[in-house]
Q: 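Provided herewith is a single structure, encoded as structure tokens, for subsequent inquiry.
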Amino acid sequence: MARPFFRLQTLLRRTQVLLFLLTAAYLMTGSLLLLQRARVALPPGPRAPGPLQALPVAAVALGVGLLDSRALQAPRVSPELLLGVDMLRRPPARPRPGPRGLRSRNSELRQLRRRWFQHFMGDPQGPPAPGPEAPRPAASSRGTYVGCFSDGGRDRTLKGAVFFDLRKMTVSHCQDACAERSYAYAGLEAGAECYCGNRLPVTSVGPEACNHECKGEKGSVCGGVGWLSVYRVEELPPGSRKRRTVTYRGCFRLPENGTHTFPDSLAQANMTVDACSGFCSQKEFPLAILRGWECYCAYPTPQFNLRDAVDRALCGQEPKAQRLAEYCAVYQTPVQDTRCTDRRFLPTKAKVFVALSSFPGAGNTWARHLIEHATGFYTGSYYFDGTLYNKGFKGEKDHWRSRRTICVKTHESGRREIEMFDSAILLIRNPYRSLVAEFNRKCAGHLGYAADRNWKSKEWPDFVRSYAAWWSSHVLDWLRFGKRLLVVHYEELRHSLLPTLREMVAFLNVSVSEERLLCVENNKEGSFRRRGRRPLDPEPFTPEMRALIDGYIRTVDKALRDHSGAGLPGEYVPR
């Protein structure tokens with residue numbers, strides 16, 4: 001009796017295995033057929049720029065063996081990927097292809113999976129996989145395509161108005177940004193980077209080196225890795241953003257041997273501010289200096305640092321009289337001071353792992369802008385913010401533990417997160433202003449202001465109760481667990497920029513020239529200063545909120561005095 005039962009049991013086991021294998025084969029065949037049908041049903045259109053975007057979500061998951069609910073619910077899925085999933089759920093629009101089409105589709109899937117794997121695991125500097133059709137210079141752009149040029153790294157010719165856009169970069173977008181700042185050339189690199197300048201790069205190559213499509217303009221060329229697609233910029237069209245104008249900086253005394261100090265000059269009858277600014281903008285100088293009929297172009301220097309302005313009336317004389325005077329009117333041109341815009345990753349891994357720590361809303365992004373332009377090295381981030389990356393913070397995309405950045409932004413305050421760093425710059429801001437700034441960012445982004453309804457809702461008092469405690473605990477934890485700290489107050493950095501910045505740069509063990517620091521001072525605002533009119537809201541802090549925040553201020557002030565002998569600035573501490 002036992003032997004027949006054993007044989008039956010063995011047969012059932014074999015049947016289960018066979019059924020499992022048949023089911024797996026059926027599912028795999030069905031998935032491939034669905035993918036083929038989705039491909040056939042897709043409307044004709046330009047191909048996506050990269051192999052990852054060309055695959056539906058399911059195809060990407062199959063490529064790495066992760067086809068489950070998590071793969072279909074991944075955050076920040078692009079519209080192309082969502083389209084692929086949607087087509088998988090629709091009934092096929094055409095008959096399924098024959099065996100030959102299925103075999104070709106299988107080989108294509110294998111090739112796409114291989115490209116996808118190499119894209120993420122291979123050398124980021126390597127050339128992209130060639131598509132069926134090479135991108136062409138944009139025919140719809142207003143500017144004239146000049147050619148493909150080598151990007152010389154730190155010595156690049158086009159280094160003004162640098163910004164990135166990983167999703168929507170187009171030739172017109174880059175041209176508009178450069179035209180707004182009075183630049184003559186717009187250069188696009190690696191499909192997502194835009195550079196501006198008034199002089200063409202030196203080295204020109206064949207068009208095959210510029211083989212990246214624009215991220216937001218399929219079929220148009222936007223350079224390559226280390227190669228610029230350069231366009232000559234034309235005038236801004238009606239209805240677009242206006243060209244930036246000159247800004248009056250003040251009346252100053254001419255430096256000794258002033259005519260020899262300024263690098264370039266122009267003298268002509270009836271010289272105007274616009275004519276002088278246009279001349280200096282073309283030469284890529286940030287300062288246009290006017291004295292009578294004489295125009296000088298210059299950078300801020302230790303001999304001419306624009307700190308000791310005199311009465312404006314001294315520069316308001318008639319041109320003939322002013323020509324003999326020792327005073328000049330100084331204007332800021334639309335172009336950038338490019339002496340400090342070149343940035344790169346550290347050539348070797350940093351031996352000291354430095355944090356740039358702050359409570360949210362304390363000016364961490366602005367401090368990163370200053371540090372990057374002063375040191376010439378990118379800063380990293382514990383997080384990833386695509387908006388910051390698009391504004392030029394290239395280290396935002398780098399892994400925060402790579403040690404290729406000069407310091408790493410963090411808002412963390414746990415002991416484990418603090419002790420991972422060897423030293424830190426602790427940036428502190430008045431909690432009243434930090435809370436308002438962070439609430440604005442949460443409600444309206446980096447550059448906007450919260451609406452009146454946000455301030456009057458329950459969200460604001462709840463935000464104050466939780467975030468005010470976080471402001472206090474953040475400082476206290478870093479004072480307690482931080483290994484080596486430099487405490488910097490936002491208000492002191494704002495009021496005494498260069499002395500405080502020198503201290504920060506010295507803490508980072510980087511030597512910086514005085515000219516570069518003056519360049520940072522000239523470009524100090526960066527790209528994330530909130531602009532426009534601040535809403536005329538009533539006082540957002542109630543007496544109960546003030547009592548709560550003032551208690552935290554006293555606690556932090558005492559901790560700072562116990563730590564280093566110097567407490568919070570006087571404007572923080574309640575009277």
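The first residue of the sequence shown is numbered 1, and numbering continues consecutively from there.
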Q: For Cys194, is there any backbone N or O sitting under 3.5 Å from a side-chain donor or acceptor partner on His173?
A: no
Q: Please determine if Glu525 and Arg494 form a salt bridge, counting it only when a charged side-chain N lies under 4.0 Å from a carboxylate O.
A: yes
Q: With a 3.5 Å cut-off and no angle check, do the side chains of His212 and Ser229 form a donor-acceptor pair?
A: no
Q: One thing to verify: whether Asp550 and Arg554 come together as a salt bridge, which I'm taking to mean a side-chain N less than 4.0 angstrom from a carboxylate O.
A: no
Q: May I ask you to decide if Thr341's main-chain N or O and Thr338's side chain share a donor-acceptor pair within less than 3.5 Å?
A: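 No.
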Q: Kindly indicate whether the side chain of Val512, heavy atoms from C-beta on, has any atom under 4.5 Å from the side chain of Val520.
A: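 Val512 does not reach Val520 side chain to side chain.
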Q: Under 2.5 Å between the SG atoms of Cys174 and Cys196?
A: no
Q: Show the numbers, then the answer: is there a salt bridge (Lys or Arg N to Asp or Glu O under 4.0 Å) between Glu284 and Arg199?
A: CA-CA 9 Å; Glu284 295 193 1; Arg199 296 188 301 273; 3.8 Å; yes
Q: Under 2.5 Å between the SG atoms of Cys210 and Cys222?
A: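 Cys210 does not pair with Cys222 as a disulfide (SG atoms not under 2.5 Å apart), so no.
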Q: Is the count of non-hydrogen atoms from other residues, nucleotides or ligands lying under 6.0 Å from Asp308 atom CG greater than 12?
A: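 Check fails, neighbour count at 12 or below.
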Q: Is it the case that over 12 heavy atoms from other parts of the model lie below 6.0 angstrom from the CD atom of Gln282?
A: no
Q: Could you tell me whether Asp264 atom CG has more than 12 heavy atoms of other residues or ligands within 6.0 Å of it?
A: yes
Q: Measure the spacing between SG of Cys148 and CD of Glu189 and express it to the nearest 0.5 Å.
A: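 Rounded to the nearest 0.5 Å, the SG-CD separation comes out at 10.0 Å.
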Q: Counting only N and O atoms by type, is there a donor-acceptor contact under 3.5 Å from the side chain of Asp557 to the main-chain atoms of Leu568?
A: yes
Q: Go through it in stages, so that I can follow the logic: the residues are Phe393 and Tyr378, the test is ring pair (Phe, Tyr, Trp, His ring centres under 6.0 Å), and I'd like the CA-CA distance, side-chain angles, deciding distance and then a yes or no.
A: CA-CA 7 Å; Phe393 291 93; Tyr378 289 117; 8.9 Å; no
Q: Honestly, is Arg433 close enough over Tyr490, meaning NZ or CZ under 6.0 Å from the six-membered ring centre and within 45° of the axis?
A: no
Q: Against Arg429, only a single residue in Pro569, Ser358, Ser434 fulfils side chain to side chain contact (heavy atoms under 4.5 Å, CB included); can you say which?
A: Ser434
Q: Apply side-chain contact (heavy atoms from CB on, under 4.5 Å) to Ser423 and list each qualifying residue two or more places apart in sequence or on a separate chain.
A: Val352, Val354, Arg484, Phe507
Q: Using 30° and 60° as the class limits, which term best fits the ring planes of Phe262 and Phe304: parallel, tilted or perpendicular?
A: perpendicular
Q: Ignoring hydrogens and angles, tell me if any N or O in the side chain of His495 forms a donor-acceptor pair with the backbone of Glu491 under 3.5 Å.
A: yes
Q: Can you give me every donor-acceptor pair (side chain of residues 266-278, partner residue at least two apart or in another chain, under 3.5 Å) with its distance?
A:
residue : atom : partner : partner atom : Å
Thr272  : OG1  : Ala275  : N            : 3.1

Q: Check the angle between the aromatic planes of Phe463 and Trp460 and answer parallel, tilted or perpendicular using the 30° and 60° thresholds.
A: parallel
Q: Can you confirm whether Arg307 is buried at CZ, in the sense that more than 12 heavy atoms of other residues, nucleotides or ligands lie under 6.0 Å from that atom?
A: yes
Q: Please give me the minimum heavy-atom distance between Arg403 and Leu346, naming the atom from each residue.
A: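 Closest pair (atom of Arg403, atom of Leu346, distance): O-CD1, 3.8 Å.
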Q: What distance do Lys524 atom NZ and Cys519 atom SG have between them, rounded to the nearest 0.5 Å?
A: 13.5 Å
Q: So does Asp385 get a backbone contact from the side chain of Glu396, meaning a donor-acceptor N/O pair under 3.5 Å?
A: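 Checked: pair present.
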Q: Measure from the side-chain N and O atoms of Asn198 to the backbone N and O of Ala184, and report whether any donor-acceptor pair falls under 3.5 Å.
A: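 Yes: the side chain of Asn198 pairs with the backbone of Ala184.
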Q: Kindly assign one of parallel, tilted or perpendicular to the pair Phe164 and Tyr195, based on the angle between their ring planes and the thresholds 30° and 60°.
A: perpendicular
Q: Once rounded to the nearest 0.5 Å, what's the spacing between atom CD of Glu372 and atom OG1 of Thr405?
A: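 Going from CD on Glu372 over to OG1 on Thr405, the span is 9.0 Å.
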Q: Do you know which two heavy atoms are closest between Phe279 and Ser265, and how far apart they sit?
A: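 Nearest pair, atom of Phe279 first, then Ser265: CZ-O, 3.7 Å.
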Q: Quick one: are Gln332 and Pro286 in side-chain contact, heavy atoms under 4.5 Å?
A: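 Yes; the side chains approach each other to less than 4.5 Å.
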Q: Is any side-chain heavy atom of Val335 less than 4.5 Å from a side-chain heavy atom of Arg181?
A: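 Heavy-atom side-chain distance check fails, nothing below 4.5 Å.
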Q: With a 4.0 Å cut-off on N to O distance, would you call Asp342 and Arg516 a salt bridge?
A: yes
Q: Going by an N to O cut-off under 4.0 Å, is there a salt bridge joining Arg502 and Glu514?
A: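 Yes.
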Q: Looking at Tyr185, Tyr145, Phe149, which one forms a ring-ring contact (aromatic ring centres under 6.0 Å, His included) with Tyr231?
A: Tyr145
Q: Are the side chain of Tyr296 and the backbone of Arg291 linked by a donor-acceptor contact shorter than 3.5 Å?
A: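 Answer holds: no.
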Q: Parallel under 30°, tilted from 30 to 60°, perpendicular over 60°: which one fits the rings of Phe421 and Trp478?
A: tilted
